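FYI, the numbering just counts along the sequence from 1. Note that the structure is predicted; figures quoted are calculated from it, not measured.
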Amino acid sequence: MSSLSVKNLKNYVVLGIAVAAAYIFFQKDQIFLYRLIDGLFIGGMLPMILGCFRLAKYAGSFDLLVYSHKKLARSGKNSDLAQDEKDSNGSATPAPEQLGSYSDYLTQKKPAATYKEPLLAGGVFILASLFLTIAFY
């Protein structure tokens, strides 16, 4: 696994700041401190949720689901009909690519996107929200 990418981390921090600023700007019913705490929390939740999905993908949680859908799509009735129609038109079509076994699919899959940056950025915003909550309540 590679180390942290400063560029990606900066992008997630900017995303969190933008969401927090939008919440603070548009929410006018509360005291500013409450809006700040809520904005930091909501600004941290977006990268945190994205990071959790990426962590699940990195751990291989979605591999079997993706493999089974690809396998079904290639062996389904609609793909057979589409192949027969192409053959009847007289055009030479290559044989459909075989997906192979599940273990072959796992060895050929692309590495998942890193999950460290969104989790770190989201965690910083949520901890800042928690700190402000403890300090001012």
Side-chain angles (χ1 to χ4, degrees):
M1 186 81 201
S2 65
S3 62
L4 288 174
S5 168
V6 176
K7 180 182 175 185
N8 287 340
L9 182 61
K10 185 179 92 169
N11 289 340
Y12 290 114
V13 169
V14 168
L15 175 67
I17 289 172
V19 171
Y23 180 84
I24 292 169
F25 180 74
F26 289 115
Q27 178 68 21
K28 298 292 183 187
D29 295 338
Q30 296 177 346
I31 300 171
F32 179 75
L33 180 63
Y34 297 158
R35 287 187 290 165
L36 180 64
I37 292 170
D38 292 345
L40 286 173
F41 183 79
I42 293 171
M45 284 306 295
L46 190 61
M48 183 69 76
I49 290 170
L50 182 62
C52 287
F53 275 116
R54 285 189 173 182
L55 178 61
K57 183 178 178 181
Y58 176 77
S61 300
F62 303 122
D63 289 343
L64 186 59
L65 181 69
V66 171
Y67 173 77
S68 63
H69 280 282
K70 284 183 178 181
K71 191 77 166 178
L72 283 173
R74 291 189 180 164
S75 64
K77 185 176 181 180
N78 291 335
S79 67
D80 291 340
L81 291 175
Q83 186 68 26
D84 291 340
E85 288 175 6
K86 289 178 185 176
D87 291 339
S88 65
N89 292 338
S91 62
T93 57
E97 181 184 336
Q98 295 297 322
L99 192 57
S101 69
Y102 181 61
S103 63
D104 293 338
Y105 172 76
L106 289 179
T107 58
Q108 294 173 355
K109 76 174 194 162
K110 297 177 186 174
T114 181
Y115 59 89
K116 294 178 182 179
E117 292 91 357
L119 287 178
L120 181 63
V124 167
F125 281 102
I126 291 173
L127 286 176
S129 172
L130 182 64
F131 174 75
L132 287 175
T133 302
I134 291 171
F136 292 108
Y137 274 126

| Does any N or O in the side chain of Arg54 come within less than 3.5 Å of the main-chain N or O of Tyr115, such that one atom is a donor and the other an acceptor? | no
Flag yes if more than 12 heavy atoms outside [X] fall under 6.0 Å of its [atom1] atom; otherwise flag no.
X      : atom1 : value
Lys7   : NZ    : no
Tyr67  : OH    : yes
Phe131 : CZ    : no

Approximate separation, where rounding is to 0.5 Å, of [X] [atom1] and [Y] [atom2]:
X     : Y      : atom1 : atom2 : result
Ile17 : Lys10  : CD1   : NZ    : 11.0 Å
Leu40 : Met45  : CG    : CE    : 13.5 Å
Leu36 : Phe136 : CG    : CZ    : 9.0 Å

Only pairs under 3.5 Å count here: list side-chain donor-acceptor contacts from residues 117-130, not counting sequence neighbours, and write none if there are none.
| unit_1 | atom_1 | unit_2 | atom_2 | d |
| --- | --- | --- | --- | --- |
| Glu117 | OE1 | Thr114 | OG1 | 3.3 |
| Glu117 | OE2 | Ser5 | N | 2.6 |
| Ser129 | OG | Ile37 | O | 3.0 |

What heavy-atom pair brings [X] and [Y] nearest, and what distance separates the two atoms?
X     : Y      : result
Leu4  : Lys116 : CD2-CB, 3.4 Å
Ala20 : Gly39  : CB-O, 3.2 Å
Arg35 : Gln30  : NE-O, 3.5 Å

Going hydrophobic residue to hydrophobic residue with side-chain gaps under 4.5 angstrom, can you get from [X] over to [Y]?
X     : Y      : value
Val6  : Tyr12  : no
Phe41 : Ile134 : no
Val14 : Leu9   : no
Phe62 : Ile49  : yes

| Could you walk me through whether Gln27 and Asp38 pass the side chain to side chain contact (heavy atoms under 4.5 Å, CB included) check? | CA-CA 10 Å; Gln27 178 68 21; Asp38 292 345; over 6 Å; no
| task | Kindly give the cluster partners of Phe26, where membership spreads through any ILVMFWY side chain lying under 4.5 Å from a current member. | result | Phe25
